[in-house]
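Let me begin by presenting the structure, written as structure tokens, before commenting on it.
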Amino acid sequence: QLQLVESGGGLVHTGDSLRLSCARSIRTGSRYAMAWFRQSPGKDREFVAAINWSGVDTYYAEAVKGRFTISRDNDKDILYLQMDNLNPEDTAIYSCAAEYGPTWTGRLIDYWGQGTQVTVSS
């Protein structure tokens, strides 16, 4: 079974940057569109960004547009989330998700990672 493992979280200050990574445990040869979600205490999980298999098409939530960049390295089977100009509202557990197929729709997510904590202090 495919597993997704996130890394790169931590404690930073307002205005700092972090880069999250999401590695697939098994190289299946299958094509997956992928995304990042986050969940803060007491809040529902929310969409952050998504990327199609090709890496050409990306989608962002309004709250992170212009500050976060999603990318992927299909040769290494790694998904990234570059987060710049972080603020306390970005504090959350960030999880990656995979949807089978070349295009992200969000309608049928096949796999989730366990998440990595990002904490931004003011």
Heavy atoms of Tyr94 and Val48 approach each other most closely as CE2-CG2, 4.3 Å
Rounding to 0.5 Å, atoms OG (Ser7) and CD1 (Ile78) come to a distance of 8.0 Å
Problem set entry | Heavy-atom check, side chain of Met83 versus side chain of Asp90, under 4.5 Å | no
CD/Gln39: more than 12 non-hydrogen atoms of other groups inside 6.0 Å
yes
So, does Glu6 use its side chain to make a donor-acceptor pair with the main chain of Gly115 at under 3.5 Å? yes
Q. Is the side chain of Arg24 donor-acceptor paired with the backbone N or O of Asp77 at a distance under 3.5 Å, no angle test?
A. no
### Under 3.5 Å donor-acceptor, Arg72 side chain and Asn52 backbone
yes
Thr58 side chain vs Ala49 backbone, donor-acceptor pair below 3.5 Å: no
Applied to residues 10-19, the side chain to side chain donor-acceptor pair (under 3.5 Å) test, sequence neighbours excluded, yields Ser17-Asp84
Residue pairs passing the salt bridge (charged side-chain N to carboxylate O under 4.0 Å, His left out) test with at least one member in residues 39-59, sequence neighbours excluded, are Arg38-Glu46
Between Leu79 and Cys96, the two heavy atoms sitting closest are CD2-CB, 4.0 Å
When every non-hydrogen atom of Asn74 is compared with those of Trp53, the smallest separation belongs to ND2-O, 2.9 Å
Under 3.5 Å, is there a donor-acceptor pair between the side chain of Asn87 and the main chain of Glu89? yes
Original post:
What orientation do Tyr111 and Tyr32 show, parallel under 30°, tilted 30 to 60°, or perpendicular over 60°?
Top reply: perpendicular
Nearest heavy-atom approach of Pro88 to Ser122 is CG-CB, 3.9 Å
Apart from Trp104 itself, its cluster of hydrophobic side chains linked below 4.5 Å comprises Phe37, Phe47, Tyr59, Ile109, Trp112
| message | The test is side-chain contact (heavy atoms from CB on, under 4.5 Å); show your working for Leu20 and Val118 and say whether it passes. | response | CA-CA 9 Å; Leu20 306 183; Val118 172; 4.0 Å; yes
Q. With side chains defined as the heavy atoms from C-beta onward, is the minimum distance between Gln117 and Leu11 less than 4.5 Å?
A. no
Shortest non-hydrogen pair, Thr69 vs Tyr60, comes out as CA-OH, 3.3 Å
>> Donor-acceptor pair, distance only, cut-off 3.5 Å: does the side chain of Glu99 make one with the backbone of Ala33?
In response: no
